[in-house]
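Every value quoted in this text rests on a predicted model; they were computed, and no experiment measured them.
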Amino acid sequence: MANTLKVKRILVSQPAPASDKSPFSELISKHKVEIDFRPFITVEGVTVKEFRAQRVDVLAHTAVIFTSRKTIDNFFRLCEACRITVPEDMKYFCVTEAIALYLQKYIVYRKRKIFYGAATFSDLMEIVAKHKEEKFLVALSDPCKPEVLQLLTKTGVKFTKIVLAHTVAADLSDIDIERYDMVACYGPAEVRALRDAFALLPEGMIVAVLGNAAVREALEGGMRVDIMAPTPKYPSLTAAMDKYMAALAGGGAVEEFGVRELPEPAAGKTGAGAKAKTAVAKGGGGSRSGKKGTAAAAAK
């Protein structure tokens, strides 16, 4: 039987794009859908008490690694609250140039003491490895990606981690989840927030998820994953959503977009590409003919 369904409204667990030229704008134009943006998580800075309880001597370090603007804000907030005067010769290493430029809010921007990577933490490590004489303080939000500390250890530099913020679920109680045909989650914390806020998703809710960690979080929590990215065929979640909706509107099969189980990467294979290959659908997504099915049902 051909699919007769059409996606009309999507809930995305991200802030609204700053530009109207985002991939979401293309989805709206191409598929005539409505998209509501609502962050499912929020980042809260640790208290002064929590900061001090970590017993980290900021001044014993000569460089700070920042992974986000939030950690920059909380670093300088807590230093001020604890009357820690950050020395002018402190060096700063940031994941991206945008994060590095944000430092101008707190310090005089001098290239000789500010370094940044191209896009990922792995990129930044190539620069950090050239400064092994430094004593690095790594400013993190909790939870952080495990590969951050793994890469630092592999680089062989001296470092101390400090947690400056916690990621917590946002209040989603005002959302009428029944209004949506699809929901898109961009990380495991967002999947948890969705599951905690809505114990049962509406029948037929299409769930789109980015990343193996988020997919695993969904599947282990009994949530069905109808669209998964990245995969070799669909490198971004918006690309997968685009093709999924096109297939759905055209009455085509959509099984290839979903996943029911997430095997561990094959031995000897590492990196995003290898992980993505393990997540290619194995009968996931289910048939979309007639009723769309229950997205919150256990994926077994």
Engineer: I'd like to check the ring pair (Phe, Tyr, Trp, His ring centres under 6.0 Å) partners of F136; sequence neighbours left out, ordered by chain and number.
Structural biologist: F93

Engineer: Considering residues at least two apart in sequence or located in another chain, which fulfil the salt bridge (Lys or Arg N to Asp or Glu O under 4.0 Å) criterion with D36?
Structural biologist: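 For D36, the residues satisfying salt bridge (Lys or Arg N to Asp or Glu O under 4.0 Å) (neighbours in sequence not counted) are R9.
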
Engineer: Holding to ring pair (Phe, Tyr, Trp, His ring centres under 6.0 Å), I want the full list of residues that pass it with Y234, two or more places apart in sequence or in another chain.
Structural biologist: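 If we apply the ring pair (Phe, Tyr, Trp, His ring centres under 6.0 Å) test to Y234, skipping adjacent residues, the hits are F257.
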
Engineer: For the residue pair T71 / S68, report whether a side-chain donor-acceptor contact shorter than 3.5 Å exists.
Structural biologist: yes

Engineer: Using a 4.5 Å cut-off on heavy atoms from C-beta on, say whether the side chain of F115 contacts that of C94.
Structural biologist: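 Not touching, per the 4.5 Å side-chain cut-off.
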
Engineer: Quick one: side chain to side chain donor-acceptor pair (under 3.5 Å) pairs with a partner in residues 82-96, sequence neighbours left out?
Structural biologist: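 Residue pairs passing side chain to side chain donor-acceptor pair (under 3.5 Å), neighbours aside: K91-E134.
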
Engineer: Could you give all pairs that pass the salt bridge (charged side-chain N to carboxylate O under 4.0 Å, His left out) test and reach residues 235-252, with sequence neighbours left out?
Structural biologist: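 As it turns out, the salt bridge (charged side-chain N to carboxylate O under 4.0 Å, His left out) pairs with a partner in residues 235-252, which skip direct neighbours, are K30-D242.
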
Engineer: Considering residues at least two apart in sequence or located in another chain, which fulfil the salt bridge (Lys or Arg N to Asp or Glu O under 4.0 Å) criterion with K105?
Structural biologist: D73

Engineer: Filter on salt bridge (charged side-chain N to carboxylate O under 4.0 Å, His left out), then keep only pairs touching residues 114-131, sequence neighbours left out; what's left?
Structural biologist: none

Engineer: Between side-chain atoms of residues 37-48 and protein atoms elsewhere (two or more places apart, or another chain), which donor-acceptor pairs fall under 3.5 Å?
Structural biologist:
from	atom 1	to	atom 2	distance (Å)
R38	NH1	D174	OD1	3.3
R38	NH1	D174	OD2	3.3
R38	NH2	D171	O	2.8
R38	NH2	D174	OD1	2.8
T47	OG1	E50	N	3.1
T47	OG1	E50	OE1	3.3

Engineer: Counting only pairs under 3.5 Å, give me each side-chain donor-acceptor contact of residues 153-163, with atom names and distances, residues two or more places apart or in other chains.
Structural biologist:
from	atom 1	to	atom 2	distance (Å)
T153	OG1	L149	O	2.9
T155	OG1	L151	O	2.7
T160	OG1	H61	NE2	2.9

Engineer: Taking only residues two or more places apart in sequence, or in another chain, which ones meet A214 in a side-chain contact (heavy atoms from CB on, under 4.5 Å)?
Structural biologist: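 side-chain contact (heavy atoms from CB on, under 4.5 Å) list for A214, sorted by chain: P188, V191, V209.
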
Engineer: How long is the straight-line distance from CD1 of I72 back to CD1 of I107, given to the nearest 0.5 Å?
Structural biologist: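 Here the interatomic distance stands at 8.5 Å.
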
Engineer: Backbone N or O of V207 within a donor-acceptor pair of the D226 side chain at under 3.5 Å?
Structural biologist: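 At least one qualifying donor-acceptor pair exists.
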
Engineer: Are the side chain of D142 and the backbone N or O of H166 linked by a donor-acceptor pair below 3.5 Å?
Structural biologist: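 Answer holds: no.
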
Engineer: Once ring-ring contact (aromatic ring centres under 6.0 Å, His included) is applied, what residue pairs with a partner in residues 195-220 remain, sequence neighbours excluded?
Structural biologist: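 For residues 195-220, and leaving out neighbouring residues, there are no ring-ring contact (aromatic ring centres under 6.0 Å, His included) pairs at all.
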
Engineer: Enumerate the salt bridge (charged side-chain N to carboxylate O under 4.0 Å, His left out) contacts for residues 55-71, please, sequence neighbours excluded, ordered by first and then second residue.
Structural biologist: none

